[in-house]
Structure formats: C-alpha cells, structure tokens
Amino acid sequence: MKNANNRILIVAFGALILVFATIRIFRSPTMERNLPENLTSIDSSKVTELIIWPARERTREVHLVRKGKAWTLKSGDRSGRLEQGSYYTALRSLMSLRPQRIISRKKEKWNEFNVGDSTGTHVKVMGDNSVAADIWIGRTSFSQGPGGTFGGSSTYVRLSSEDEVYAVDGFLESQFNRGFNDWRDKSFTRIKTDSITKITFQYPGDSSFMIEKKDRRWLTANELADSSAVVSYLNSFSFKNISEFSETEPSGPALFILTFEKNSIPSIKIEGWQLSSEDWILSRPLKTHFQEKLIFEDF
C-alpha cells in the first residue's frame, strides 16, 4: 500500500513538472517577448519636437518645438509661451513607458481602450528629422486597494507599429490630451512689490496719473498717497495668472496702459481693451515682442 502511494505521488509530481515545463516553453517566452522593459528608446538630447494630436481636438495638432535650449509652442499659425517645465515633464513621461501588462493584442479592441485612430491621443517624438517614438495614449483606469483605498492608476497606450495595448503607470491621458491653450504659460505678472518705485496709469484724454515712491513714501501729484492701498494694489499683481486666453485680436489703441517701473526702468507694461462692462482683453508686451492676449475678469 505504501509503495502504491509513493508511485502515485511520483506520477503526480512528474505531471506537475511536465505542466510547468510546457508553460515555460510555450507561454513564458511569448510573454517576455511582448513585455519589454520600456516601450520607447528616446535620446532626449536629440529631440527637436513633440507633435500632439489630442483626442479632444483632433484637427488642432499641437507642436512643442525646440530651438537651441529653448522650447516654444505652436499650433497652425498661432504661437505662444510654453508652460514652464511642461516639455520636460512630457518628454520624461514618454521616456519612461514601462508596461505593467498587455491588455489586448486585437485591433478591434483599440477603441475600447481609447487607443484607436479616432479615439486616442496621438503623440510623435521627432529627432534628427526622424520619428523617435510614435505612440497612441488612451484612457486612464484606476484600481482599488484593500478596504476601498486608492490602489493606483494606469494608462492604456499603443505603439503605432504594434497591435498590442499596454497598461503603463501614471496619468498620461490628462497630461497629453490637452489643447493649445492648455499648454500655454498661464503666468501673467510676477512682481517683487518692494522693488517697484513708480506706477503709471495712462488713459484717454488728460485723466492719466502716476504714483511714485520717494523716501519710502508713495506720492501722487506731490501729495501723500495711501501707502497701504498702494501696497495692497501692488500685491494684487505680485503673482497674477491668466484665467482665459482670447481668440479675438483687439482693434484700435488701448483704452489704458499700466506700467510698473523700477528706478525709472519699465519692469512690466500692461495694455487693456474693454470688451464689455465686465471683460477686458489684456496684453503684456514682452522683450521678445511677442504678446499674450487674454480675457481677464474683475481686473
């Protein structure tokens, strides 16, 4: 009886070995071939442009263009200041596409994961006049941890040259599925309030005036101004961001011009055109002669 049991155990053990060997031979190599350590091989020093076709605005491609060490933003005949550091974050994400698993190998499943030609966000990385990476970015999924806690996030991606859909870490969908204005620099004014020595208000007619700082006191028309009110006004411009960009080109001369100076040197100049009783188009000419135009409420 004992020998019979041993034979059964030996046969069962042998069967397990055979199953394991079969899996290793026929399945594991396939999985390893289709699950690379990284989906891209990008040399950041050679990247000259990122071209993005966001799923939300398919016909309006966005270009992040490198010129020397500087990056600019373009879309059609429009150009703008690129949000600081956004190109670096985007490029780093594309260089770190480490797949967690393969979700599907079927082309008919692409749209289910928003990586199809009509559903995904298409991104091309250009370098040395060639395509360094060609990727479709789909929707982001979230997993649940123990006790209903947040278990993590993954985004579905597909390489243009492959049918496979992969899951990678991170929120790539929200990072790349953005229109032209979403990539633009939202900063409008950054002022060191204690360095400003003069504020000039230019209006039509003879209603213009200025406030000047002398001996640590603020004066207007050689009369003392309310220093706390002036400081409060300056503080409102110390860190001002853009709320919305305008697609309308202002016509005619500006209704007002506001200039902040430091020791008689213009620091920031703002021009304004009134759209309605509540909305203005503001423009801040820069040293590069490029103008950002926007709608700014409650100015």
* Take atom NZ of Lys74 as the centre, draw a 6.0 Å sphere, and report whether it contains more than 12 heavy atoms from other residues, nucleotides or ligands. => no

* **Stacked cation flag Arg101 on Tyr166, 6.0 angstrom / 45 deg** => no

* Hey, is the main chain of Arg217 close enough, under 3.5 Å, to the side chain of Asp215 for a donor-acceptor pair? -> no

* **Nearest-0.5 Å distance, NZ of residue Lys186 to CD1 of residue Ile242** => 8.0 Å

* Is it true that Leu64 and Leu172 fall in one hydrophobic cluster, defined by side-chain heavy atoms closer than 4.5 Å? -> yes

* Is the side chain of Arg190 donor-acceptor paired with the backbone N or O of Lys240 at a distance under 3.5 Å, no angle test? -> yes

* Is the Tyr233-Trp218 ring centre distance short of 6.0 angstrom? -> no

* To do: Decide if atom NZ of Lys109 counts as having more than 12 heavy atoms of other residues, nucleotides or ligands within a radius under 6.0 Å.
  => no

* Applying the 4.5 Å side-chain criterion to the ILVMFWY set and letting contacts propagate, would Phe188 and Ile268 be lumped into a single cluster? -> yes

* Asked: Please walk me through it: do Ile51 and Val123 pass side-chain contact (heavy atoms from CB on, under 4.5 Å)?
  -> CA-CA 6 Å; Ile51 309 174; Val123 181; over 6 Å; no

* Thr220 versus Met210, closest heavy-atom pair with distance -> OG1-O, 3.2 Å

* Closest heavy-atom pair and its distance - Ser118, Asn111 -> OG-OD1, 4.1 Å

* Pairwise side-chain contact, Thr48 with Val65, heavy-atom cut-off 4.5 Å (strictly under) -> no

* **Nearest-0.5 Å distance that lies between atom CD in Glu49 and atom NZ in Lys67** => 10.5 Å

* Asked: Between Ser232 and Ser228, is there a donor-acceptor pair closer than 3.5 Å when you use the side chain of the first and the backbone of the second?
  -> no

* **Atom of Ser45, atom of Arg66 and distance for their closest heavy-atom approach** => O-NH1, 3.8 Å

* Taking every non-hydrogen atom, the tightest pair across Thr155 and Gly170 -> OG1-O, 2.6 Å

* Of all the heavy-atom pairs spanning Trp183 and Arg178, show the shortest one and how long it is. => CE3-NH2, 3.1 Å

* Point-to-point distance, once rounded to the nearest 0.5 Å, from CG of Leu39 to CE of Met95 -> 13.5 Å

* Is a side-chain N or O of Asp169 found less than 3.5 angstrom from the main chain of Arg98, in a donor-acceptor match? -> no

* Asked: Should the heavy atoms of other residues, nucleotides or ligands under 6.0 Å from CD of Glu162 be counted, would the total exceed 12?
  -> yes

* To do: Output, in order, the C-alpha distance, side-chain angles, deciding distance and verdict of side-chain contact (heavy atoms from CB on, under 4.5 Å) for Lys124 and Ser160.
  => CA-CA 10 Å; Lys124 281 187 179 182; Ser160 289; over 6 Å; no

* Side-chain donor/acceptor of Ser130 to backbone N/O of Gly127, under 3.5 Å -> yes

* Val62 side chain near Phe176 side chain, heavy-atom distance below 4.5 Å -> no

* Charged N to carboxylate O under 4.0 angstrom, Arg58 versus Asp117? -> no

* ILVMFWY cluster, Ile102 and Leu159 together (side-chain gap under 4.5 Å) -> yes

* Does Asn177 reach the side chain of Ile137, with side-chain heavy atoms less than 4.5 Å apart? -> no

* Asked: So, do Phe201 and Leu258 sit near enough that their side-chain heavy atoms are less than 4.5 Å apart?
  -> yes

* side-chain contact (heavy atoms from CB on, under 4.5 Å) assessment of Thr89 paired with Glu83 -> CA-CA 11 Å; Thr89 303; Glu83 188 174 36; over 6 Å; no

* Asked: So how far is it from Ile265 CD1 to Lys198 NZ, rounded to the nearest 0.5 Å?
  -> 11.5 Å

* To do: State which residue, out of Ile199, Thr200, Ile196, fulfils the side chain to side chain contact (heavy atoms under 4.5 Å, CB included) condition with Glu261.
  => Thr200

* Polar side-chain atom of Ser154 near backbone of Val168 as donor-acceptor pair, under 3.5 Å -> no

* Asked: Counting distance only, does the side-chain N/O of Arg60 pair as donor-acceptor with the main-chain N or O of Gly179 below 3.5 Å?
  -> no

* Asked: Taking a hydrophobic cluster as the set of Ile, Leu, Val, Met, Phe, Trp and Tyr residues connected by side-chain heavy atoms closer than 4.5 Å, whether directly or through intermediates, do Val125 and Val131 fall within one such cluster?
  -> no

* Asked: Just checking, any donor-acceptor pair under 3.5 angstrom between side chains of Asp185 and Ser187?
  -> yes

* **4.5 Å side-chain heavy-atom contact, Leu94 and Leu50** => yes

* Rounded distance [0.5 Å steps], CG in Leu275 versus OG in Ser246 -> 6.0 Å

* Single-linkage hydrophobic cluster, 4.5 Å side-chain cutoff, Phe256 and Leu234 together -> yes

* Asked: Relative to each other, are the rings of Trp71 and Tyr87 parallel, tilted or perpendicular (30° and 60° limits)?
  -> parallel

* **Other residues, nucleotides, ligands: >12 heavy atoms within 6.0 Å of Phe239 CZ** => no

* Asked: Is a donor on one side and an acceptor on the other found under 3.5 Å between the side chain of Lys269 and the backbone of Ser267?
  -> no

* Asked: Backbone N or O of Asn235 within a donor-acceptor pair of the Ser238 side chain at under 3.5 Å?
  -> yes

* Structure fact -> Interatomic distance, CD1@Ile281 vs CD@Gln274, rounded to 0.5 Å, equals 11.0 Å

* Asked: Any idea which heavy atoms bring Leu282 and Gly272 closest together, and the distance?
  -> CD2-CA, 3.8 Å

* Asked: Is there a donor-acceptor pair closer than 3.5 Å between any side-chain N or O of Thr197 and the backbone N or O of Asn263?
  -> yes

* To do: Apply side-chain contact (heavy atoms from CB on, under 4.5 Å) to the pair Trp53 and Glu61, showing each step before the final yes or no.
  => CA-CA 5 Å; Trp53 292 264; Glu61 62 189 60; 2.9 Å; yes

* State, with a plain yes or no, whether a side-chain heavy atom of Ser283 is found less than 4.5 Å away from one of Trp273. => yes

* Asked: Do the ring planes of Tyr203 and Phe209 sit parallel (below 30°), tilted (30 to 60°) or perpendicular (above 60°)?
  -> parallel

* Is any side-chain heavy atom of Thr121 less than 4.5 Å from a side-chain heavy atom of Ile52? -> yes

* **Heavy-atom check, side chain of Thr189 versus side chain of Ile270, under 4.5 Å** => yes

